[in-house]
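Can you read through this structure? Questions will come right after.
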Amino acid sequence: IKRDFGGLEQLKACFDKMGAALFGSGWVWLVRTQKTGGPLRVVTTAGHDSPLMKDCYPLLVNDVWEHAYYMKYENRRIDYLHNWWSIVNWDEVARRYENYDSY
């Protein structure tokens with residue numbers, strides 16, 4: 001995260017910005033881009049697309065379809081994205097990162 005984003009706060013800012021900018025329903029992801037040590041990137045997908053379709057391995061995902069946040073946040077997607085970080089399972093992200101070569 002430090003190598004590719006400059007730190008956790010920069011990753012969060014990038015992730016939130018891309019998630020908030022996604023038009024309509026979809027997903028925002030933290031991915032690795034190559035099988036052997038590729039950089040981390042934040043990408044978005046629409047509908048039911050997956051980063052695996054573009055040779056990117058998912059490490060972390062957030063559902064930015066309205067059903068995920070509307071009841072609590074109404075149309076304030078950015079508030080939902082900011083608050084979502086408190087429930088991220090970093091142990092699972094680390095496990096996926098470490099097991100990346102086996103996909």
Legend entry - side-chain contact (heavy atoms from CB on, under 4.5 Å) evaluation trace for Val64 with Leu81: CA-CA 8 Å; Val64 290; Leu81 287 161; 3.8 Å; yes
Inset, instruction - Find the distance between CG (Leu30) and CZ (Arg32) and round it off to the nearest 0.5 Å. - result: 10.0 Å
Inset, instruction - Start with the C-alpha distance between Asp63 and Val61, add both sets of side-chain angles, then the distance that settles side-chain contact (heavy atoms from CB on, under 4.5 Å), and finish with yes or no. - result: CA-CA 7 Å; Asp63 179 352; Val61 62; over 6 Å; no
Legend entry - Asp49 to Trp29 - nearest heavy-atom pair and separation: O-CZ2, 4.2 Å
Legend entry - Pairwise distance OH(Tyr97) to CG(Leu59) - rounded to 0.5 angstrom: 8.5 Å
Legend entry - Considering all heavy atoms, the nearest Pro51-Thr45 contact: N-CG2, 4.1 Å
Legend entry - Residues in side chain to side chain contact (heavy atoms under 4.5 Å, CB included) contact with Leu8, at least two apart in sequence or another chain: Ile1, Leu11, Lys12, Trp90
Inset, instruction - Quick one: list whatever passes side chain to side chain contact (heavy atoms under 4.5 Å, CB included) with Arg41, sequence neighbours left out. - result: Val31, Thr33, Val43, Cys56
Inset, instruction - With sequence neighbours left out, write down each residue that passes side chain to side chain contact (heavy atoms under 4.5 Å, CB included) with Asn89, or none if nothing qualifies. - result: Asp91, Glu92
Inset, instruction - Work out which heavy atom in His82 is nearest to a heavy atom in Asp16; give both atom names and the distance. - result: ND1-OD2, 2.8 Å
Legend entry - Main-chain N/O of Leu40 paired with Asp4 side-chain donor or acceptor, under 3.5 Å: yes
Inset, instruction - Apply side chain to side chain contact (heavy atoms under 4.5 Å, CB included) to Gln10 and list each qualifying residue two or more places apart in sequence or on a separate chain. - result: Phe5
Inset, instruction - Can you label the angle between the Trp84 ring and the Phe15 ring as parallel, tilted or perpendicular, going by 30° and 60°? - result: parallel
